[in-house]
Amino acid sequence: MKTTEQQNKPINGNDLIALGYPENEILGIALKINKKRNGYTKAEMLDKYAQVLSSPQDFLEDKIFKTLAKGFIDGIHLPLQDENLIELNENPNDFKIYGAEKIEDGALEQMKVAMKLPVTVAGAIMPDAHQGYGLPIGGVLATKNAIIPYGVGVDIGCRMALSIYDLPASHYFEHHNSLKETLVKNTKFGAGHGFHGQYKAEHQILDDTKFETNSFIQNLKDKAWSQLGSSGGGNHFVEFGLIDFKEDDEKLNIKKGSYLALLTHSGSRGFGATIAGHYTKIAKEICKLPYKAQNLAYLDLDSAEGQEYWIAMNLAGEYASACHEIIHQKIAKSIGAEVLAKVENHHNFAWKEIYNGEEVIVHRKGATPASKDIMGIIPGSMTAPGFLVRGKGEENSINSASHGAGRQMSRTQAIKSLSQNKINDYLNDFGITLIGGGKDEAPMAYKDIHEVMAAQQDLVDIVATFTPKMVRMADDGSRED
DNA sequence: ATGTCC
């Protein structure tokens with residue numbers, strides 16, 4: 001007797017390949033269909049898939065399988081016959097791997113595919129890397145005059161921002177409750193959420209002429225305005241913590257000691273996500289790559305579409321920065337603190353940089369810029385320290401470092417295997433106050449940040465240590481209002 | 001990451 005769980009088990013690409021399905025876009029179409037299974041068990045579905053494969057003509061009128069059947073009949077050989085298909089190089093260029101033993105195979109495989117693109121100049125993978133769409137998260141890729149929307153990522157301009165206050169660590173313990181109120185009052189979390197009416201933020205980004213680039217971008221402005229100053233969901237947070245300088249830092253003009261600080265992690269919200277989706281779609285139409293590389297579709301930077309994406313990406317980056325600025329301004333005002341120093345860095349973006357003496361486009365998808373003396377923030381987890389770092393300018397990493405600890409447990413794995421009580425006890429042991437936050441963001445779901453930092457000693461110097469104390473994230477129920 | 005498929 002089958003349990004419901006067994007019947008509902010998902011079908012993955014390997015199941016279909018085992019049936020004899022080809023490794024091209026047919027696989028994608030077939031998997032999409034599986035999402036609306038209409039009560040069929042896994043076994044029944046696999047049987048159907050086998051029938052469609054052997055006689056697609058019988059399924060052209062089938063409600064569920066007609067798109068797949070049609071795909072087989074008039075599409076199956078298309079990608080191979082397409083005269084515009086761009087060939088990958090046979091052997092991938094070498095790329096530097098940091099922290100290899102902790103990086104999942106899938107991420108390395110994705111990096112190898114990226115290294116075969118004809119536009120690729122160099123690549124590197126950071127010790128917190130894991131699989132993503134196209135380029136892995138933690139992947140760094142330098143290209144020649146080409147921009148890959150999925151090499152930047154969905155959350156364009158996602159970044160860290162740190163404000164160090166003129167307040168001693170003791171302030172946190174003395175004002176715990178009012179800090180909590182400040183955090184709740186001045187932040188907004190949850191997918192789709194933003195500010196309305198009198199609560200909408202004002203910022204000069206709204207006057208940016210890049211919003212007038214084309215009607216597609218123009219149409220995104222209203223929602224961008226409403227989400228200005230919000231944080232979103234997933235691993236995004238706004239947190240108070242204590243930052244510890246073991247010695248004076250002259251460049252930041254901070255004296256040795258421990259200070260209250262605010263650390264934020266978020267990106268360009270729906271605005272950037274919509275831009276990423278739109279230009280990935282355009283790139284895929286223009287740049288026909290073999291199946292395995294399709295999410296690495298790129299735009300020539302000199303083409304109209306490439307220019308538009310570049311402008312939109314930069315606008316999304318500035319928008320993400322504005323979101324952080326608003327949060328930091330509101331909170332500094334609310335607690336009446338003076339800001340001694342501010343550090344900010346994006347980790348999902350592309351830049352024009354010089355590599356080996358030539359101008360290249362450096363994509364950092366979940367990687368911290370780490371050029372010589374450039375400051376960045378690498379967060380650990382709620383219960384593990386994050387680090388204020390200064391780049392060493394290591395060319396092998398294409399002047400980059402990790403953007404965090406990286407996951408050791410997938411979201412679904414964390415939700416399944418961790419109990420809320422256990423997470424609460426763990427947070428208590430570390431003296432962490434958490435507002436919101438789902439099980440998938442539990443600290444145990446992340447790798448050991450110390451191991452990650454050890455793997456990138458050649459890439460960054462640690463300037464100060466940040467210990468989170470009070471964390472706000474989207475809560476589990478954030479999808480409802 | 002994103003109201004998770006226009």
Side-chain angles (χ1 to χ4, degrees), chain A residues 10 25 28-37 64 66-68 71 107 128-139 148-160 188-196 215-216 219-220 222-228 230-238 264-282 284-285 294-295 312-313 316-317 319-321 323-324 346-350 363-367 379 403-404 406-407 410-412 414-415 436-438 440-441 445-446 473-481:
Chain A
E25 44 256 90
I29 296 169
L31 287 168
K32 235 180 226 180
I33 285 170
N34 186 46
K35 285 181 184 162
K36 38 181 178 181
R37 236 199 250 177
I64 300 176
K66 64 180 174 194
T67 45
L68 181 59
D128 60 337
H130 52 99
Q131 266 188 83
Y133 286 112
L135 198 65
I137 321 295
I148 306 169
Y150 268 162
V152 169
V154 173
D155 193 3
I156 300 172
C158 184
R159 67 189 60 211
M160 307 300 304
K188 180 72 86 178
F189 281 85
H193 290 196
F195 296 95
H196 304 283
S215 62
F216 164 73
N219 290 335
L220 302 176
D222 280 348
K223 192 166 114 181
W225 188 7
S226 132
Q227 295 189 327
L228 189 59
S230 67
S231 298
N235 58 2
H236 289 171
F237 59 76
V238 177
T264 50
H265 175 213
S266 54
S268 51
R269 308 291 283 101
F271 181 58
T274 309
I275 291 168
H278 180 76
Y279 285 100
T280 293
K281 192 165 168 261
I282 289 174
K284 282 180 173 176
E285 282 161 11
Q294 276 173 5
N295 282 328
M313 177 194 77
Y319 172 80
S321 183
C323 288
H324 284 261
H346 357 18
H347 51 222
N348 280 11
F349 211 64
H363 302 72
R364 293 189 182 86
K365 185 184 190 182
H403 80 315
R407 285 189 161 274
S410 72
R411 288 183 181 282
T412 38
I415 290 166
D440 47 347
E441 285 301 327
Y446 285 89
M473 303 188 87
D475 46 57
D476 266 339
S478 70
R479 288 180 182 95
E480 293 136 42
D481 279 321

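In what follows, every chain begins at residue 1, and chains take the letters A, B, ... in the order their sequences are listed.
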Open item on the list: For a quick check of understanding: with a heavy-atom distance under 4.0 Å over all strands, which category does Gly267(A) fall into, base, sugar-phosphate or nothing?
Closed with: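 Nothing: the residue Gly267(A), judged by heavy atoms under 4.0 Å, touches no strand.
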
TODO: Report which part of the nucleic acid Gly232(A) touches: base, sugar-phosphate, or nothing (heavy-atom distance under 4.0 Å, all strands).
DONE: sugar-phosphate

What integer distance in Å separates [X]:[atom1] from [N]:[atom2]?
X: Asp440(A); N: dT2(B); atom1: CG; atom2: P; result: 13 Å
X: Asp155(A); N: dT4(B); atom1: CG; atom2: P; result: 16 Å
X: His193(A); N: dT4(B); atom1: NE2; atom2: P; result: 13 Å
X: Lys365(A); N: dT2(B); atom1: NZ; atom2: C1'; result: 14 Å
X: Phe216(A); N: dC6(B); atom1: CZ; atom2: P; result: 12 Å
X: Tyr133(A); N: dT4(B); atom1: OH; atom2: P; result: 13 Å
X: Ile156(A); N: dT2(B); atom1: CD1; atom2: P; result: 12 Å
X: Arg411(A); N: dT4(B); atom1: CZ; atom2: P; result: 16 Å

Open item on the list: Tell me which one of His324(A), His347(A), His346(A) satisfies side-chain contact (heavy atoms from CB on, under 4.5 Å) with Met160(A).
Closed with: His347(A)

Task: Neighbour count above 12 (heavy atom, 6.0 Å) for Lys66(A) NZ - done: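 No, not enclosed.
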
Open item on the list: Below 30° counts as parallel, above 60° as perpendicular, anything between as tilted: where do the rings of Tyr133(A) and Tyr150(A) land?
Closed with: parallel

Open item on the list: Is the ring pair His278(A)/Phe216(A) parallel, tilted or perpendicular, if the boundaries are 30 and 60 degrees?
Closed with: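 The rings of His278(A) and Phe216(A) lie parallel, inter-plane angle below 30°.
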
Open item on the list: Here's a test of your reading of the structure: between Lys281(A) and Arg269(A), which maps to the more 5' nucleotide of DNA chain B?
Closed with: Arg269(A)

